[in-house]
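Encoded as structure tokens, the structure appears first; notes follow it.
Each chain gets a letter, A, B and so on, in the order the sequences are listed, and its residues count up from 1.
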Protein chains: 4
Amino acid sequence: MNVKSETRHKIIRTASDLFYEKGYNLIGINEIIEESGIAKATLYSHFRSKEELLLAYLDEKDQELLKNIRAFCSSKSTGDAQLIAVLEFLIPFFEQEDFNGCWCIRSIAEVPRENVKVRTKIKSNKQAFRQFVLELVQSNKPELGESQQQQLSNQLYLLYEGALMESHLQGAAWPIETSIGLLKDKLQGK
Amino acid sequence: MNVKSETRHKIIRTASDLFYEKGYNLIGINEIIEESGIAKATLYSHFRSKEELLLAYLDEKDQELLKNIRAFCSSKSTGDAQLIAVLEFLIPFFEQEDFNGCWCIRSIAEVPRENVKVRTKIKSNKQAFRQFVLELVQSNKPELGESQQQQLSNQLYLLYEGALMESHLQGAAWPIETSIGLLKDKLQGK
Amino acid sequence: MNVKSETRHKIIRTASDLFYEKGYNLIGINEIIEESGIAKATLYSHFRSKEELLLAYLDEKDQELLKNIRAFCSSKSTGDAQLIAVLEFLIPFFEQEDFNGCWCIRSIAEVPRENVKVRTKIKSNKQAFRQFVLELVQSNKPELGESQQQQLSNQLYLLYEGALMESHLQGAAWPIETSIGLLKDKLQGK
Amino acid sequence: MNVKSETRHKIIRTASDLFYEKGYNLIGINEIIEESGIAKATLYSHFRSKEELLLAYLDEKDQELLKNIRAFCSSKSTGDAQLIAVLEFLIPFFEQEDFNGCWCIRSIAEVPRENVKVRTKIKSNKQAFRQFVLELVQSNKPELGESQQQQLSNQLYLLYEGALMESHLQGAAWPIETSIGLLKDKLQGK
DNA sequence: AATGAATGAGCGTTCATTCAT
DNA sequence: CATGAATGAACGCTCATTCAT
């Protein structure tokens, strides 16, 4: 990795941590450069604007998440266990010291409606996640019809999102457990 | 209602509309006073700070919501229908022209973690809503034990929150339908 | 004059002096507020942008100029003397300690071509000056036909502008004398 | 021409075009290197500072102008025609697509008074032009005394400068025609 | 009770220039 | 001889809040 990429990535990492911890609008460029130990103009030679940093942050976070949840689910035995794993994944996720909810949900509350770039980015991130869930359903529920797979996938996605958000809001793990309970009922009941 | 209260409420209404539409940090005091047609110092004679306005906005919104959803559920026949109504309520809610998701979720992303006042307010709002759901379950599912009532109530609350957030994020009603589907399965399956 | 207008005018005066002495792009907002002894936000409550200050400066300068040159020419006996006075006016003007050429010419070099507002302002200022010269010619040369008045007016304007600019560029009064000489030849030769 | 000079001249050409079109302060070093296709440090190995580029630009422009106007005037028959040619030269000059007035006048508005180097350069450019005009007068008006030659030369210079500036400011050719008219009157009237 | 002019701290961004390679 | 990543200082501008009236 060359010098430029290293600096660039250091900036993204710093910005990610700060944005995720404090929120996009509450973190100024000055805090980012101070934490990164770089000059302001250096930051702006790597990113055209603060908004571009936000996009990079959303990318970084989502790629890491997808990688981790894929690994987590793969480690479970195939079948219902892999579907339940999607929600179980949230338990260690929630327990991380720096857990602060969903970056997409939090970011979308911080940018104006007109900001198409950011909102498109967030939607495509969520779309990628839904695609992952759908494929997981297809792999583990091959016996279901396409429409039923789609429906189950949507339900699983919804339970994931609700559990993620509420565990953050309540500062407690019970929403994750509740989601898991609902899913298990669903899977066994049919 | 005296003059003071009238002015005060006009400010709250204006601020509520603007905060909900654009977001707390993206609306400045100037926009609020301009829209309200009052002087800056008048605003500060009614509210000590912008934060106090935020608290009033969260209060206003939640009181209205609780009133509406209570009325909506009461209009349904007792039993499962009233529980399902909690989620069905979201359909006209989502279809409102100015629908912009959950004010609590959006606001919590905009204030720093240290802001105890706002975060406490939001939690107590959500707590009140959970209490409403719990009481609705208790009324309509008297045959269940307390623990089962609590559990069902949590599930219903979770489905409500997930559907609300996701219908906003996706800009579509399907998450509401999916939630309703999940609930119906649950109610019938047992 | 109320408080607001006083502050406003103090800002314009300060900005005018600084812009005229150093140039628009070389003077920062910070220098203007420091010299004015006001806060930055105060300036921005009176002027939306630095560009608006530039427009006010161009206005201020031109109004003063027109007032002064009108008074100067009126003080001369009617006839050729009033026309020659247009150029003679430049002598004390040039000798002013803070003389720094034509603010319009200098400003137009400092704003991008796309800046329609400023360029329109400058053109309309110059147009007003040409109108003044034309009316002076009409008053003092009523025997000439309209077309000849127009032509003479253009020539006088051109000599004025050339003398003003070159006396500044050369740092000497000879261009003014040369212009006066040319005009006198012209007036006597016919 | 060796490699170094080639690069150097490419930079000057690019900078000249950009400075003349947009203005010295409105063009950044980055635009120059991007347009030139060279690296930033390469530019700084050829020119100590942006100011040195400005000096080279003023040089380049003036040398080209003197060469062109000399050729233009030489092409006319000797006598008054060559003097009038000085002003007639402005017509095709004005009509050039990239015409943007006098680089000296525009540049002097962009550098601080203290900048002796640039101001000296501009004055010496203008002095060289005045010398050219004087020699043209001496060649074509040998019958005049030295003082009268000097005076006529100054008048011609003034008309040239006024016409150049005003044709730019007004975006019209009439100031050139007016100048020519004044000059012809002058030459014929005596 | 209500005003609106004034504030200080901070914002995101750009600049000409330098230095290690 | 040429590079491009990095810099510190300054830019124009906005914010929530206060104070004299």
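Residues from residues 13-22 of chain B placing a heavy atom under 4.0 Å of any atom in DNA chain F do not occur.
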Which protein N or O atoms sit under 3.5 Å from an N or O of nucleotides 17-21 of chain E?
residue, atom, partner, partner atom, Å
dT17(E), OP2, Y44(D), OH, 2.8
dT17(E), OP2, K50(D), N, 2.7
dT17(E), O5', Y44(D), OH, 3.4
dT17(E), O4, K40(D), NZ, 2.9

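The side-chain contact (heavy atoms from CB on, under 4.5 Å) search around K22(B) returns I27(B), not counting sequence neighbours. Taking the salt bridge (charged side-chain N to carboxylate O under 4.0 Å, His left out) definition, one finds that K40(B) meets it with nothing, sequence neighbours left out. Residues satisfying the ring-ring contact (aromatic ring centres under 6.0 Å, His included) criterion with Y44(A), sequence neighbours excluded, are absent altogether. Scored by the side-chain contact (heavy atoms from CB on, under 4.5 Å) test, R106(D) finds A109(C), Y20(D), N100(D), H168(D) as partners (sequence neighbours excluded). Every residue meeting the salt bridge (charged side-chain N to carboxylate O under 4.0 Å, His left out) condition with D59(A), not counting sequence neighbours, appears here in chain and number order: K121(A). Residues passing the salt bridge (charged side-chain N to carboxylate O under 4.0 Å, His left out) test with K61(A): none are found, sequence neighbours excluded. Applying the ring-ring contact (aromatic ring centres under 6.0 Å, His included) criterion to Y24(C), with sequence neighbours excluded, gives F19(C). F47(A) meets the ring-ring contact (aromatic ring centres under 6.0 Å, His included) test with no other residue; sequence neighbours excluded.
Look at CD1 on I32(B): it is 12 Å from C1' on dC15(F), rounded to the nearest Å. When rounded to the nearest whole Å, the span between CG of L43(A) and P of dA5(F) equals 14 Å. Atom pair K10(D):NZ and dA2(F):C1' shows a separation of 12 Å (rounding to whole Å applied). At whole-Å resolution of the value, CD1 in I33(D) and P in dA5(F) are 11 Å apart. Remark: P of dG12(E) and CG of N25(B) are 12 Å apart, rounded to the nearest angstrom. Rounded to whole Å, the distance from NE2 on H46(D) to C1' on dA2(F) is 9 Å. Taking atom CG of residue L53(D) and atom P of nucleotide dC15(E), one finds them 16 Å apart after rounding to whole Å. For F47(B) and dA2(E), the CZ to C1' distance is 15 Å, given to the nearest whole Å.
Residue pairs meeting the salt bridge (charged side-chain N to carboxylate O under 4.0 Å, His left out) criterion with at least one member in residues 42-51 of chain A, sequence neighbours excluded, are R48(A)-E52(A).
Here the nucleotide nearest the side chain of T7(B), chosen from dA2(E), dT3(F), dC11(F), is dA2(E).
The heavy-atom pair separating I11(B) from S36(B) by the smallest distance is CA-OG, 4.1 Å.
Heavy-atom distances to DNA chain F give each of L26(B) and G28(C) a nearest nucleotide, and the one nearer the 5′ end belongs to G28(C). When the nearest nucleotides of DNA chain F are assigned to Y24(C) and G37(D) by heavy-atom distance, the more 5′-ward of the two goes with G37(D).
Residue contacts shown for I27(A) are limited to sugar-phosphate atoms, with no base heavy atom under 4.0 Å away.
The backbone N or O of P112(C) lies less than 3.5 Å from a partner atom in the side chain of R119(C), making a donor-acceptor pair.
In secondary-structure terms, DNA chain F builds stems of at least 3 consecutive Watson-Crick or G-U pairs, each pair having both distances under 3.5 Å, at E:2-21 with F:2-21.
Side-chain nitrogen and oxygen atoms of T42(B) include none within less than 4.0 Å of the OP1 or OP2 phosphate oxygen of dA1(E). Using a 4.0 Å cut-off, no side-chain N or O of S45(A) falls inside it from OP1 or OP2 of dA5(F).
In this model, a donor atom of one side chain and an acceptor atom of the other lie less than 3.5 Å apart for W103(D) and D62(D).
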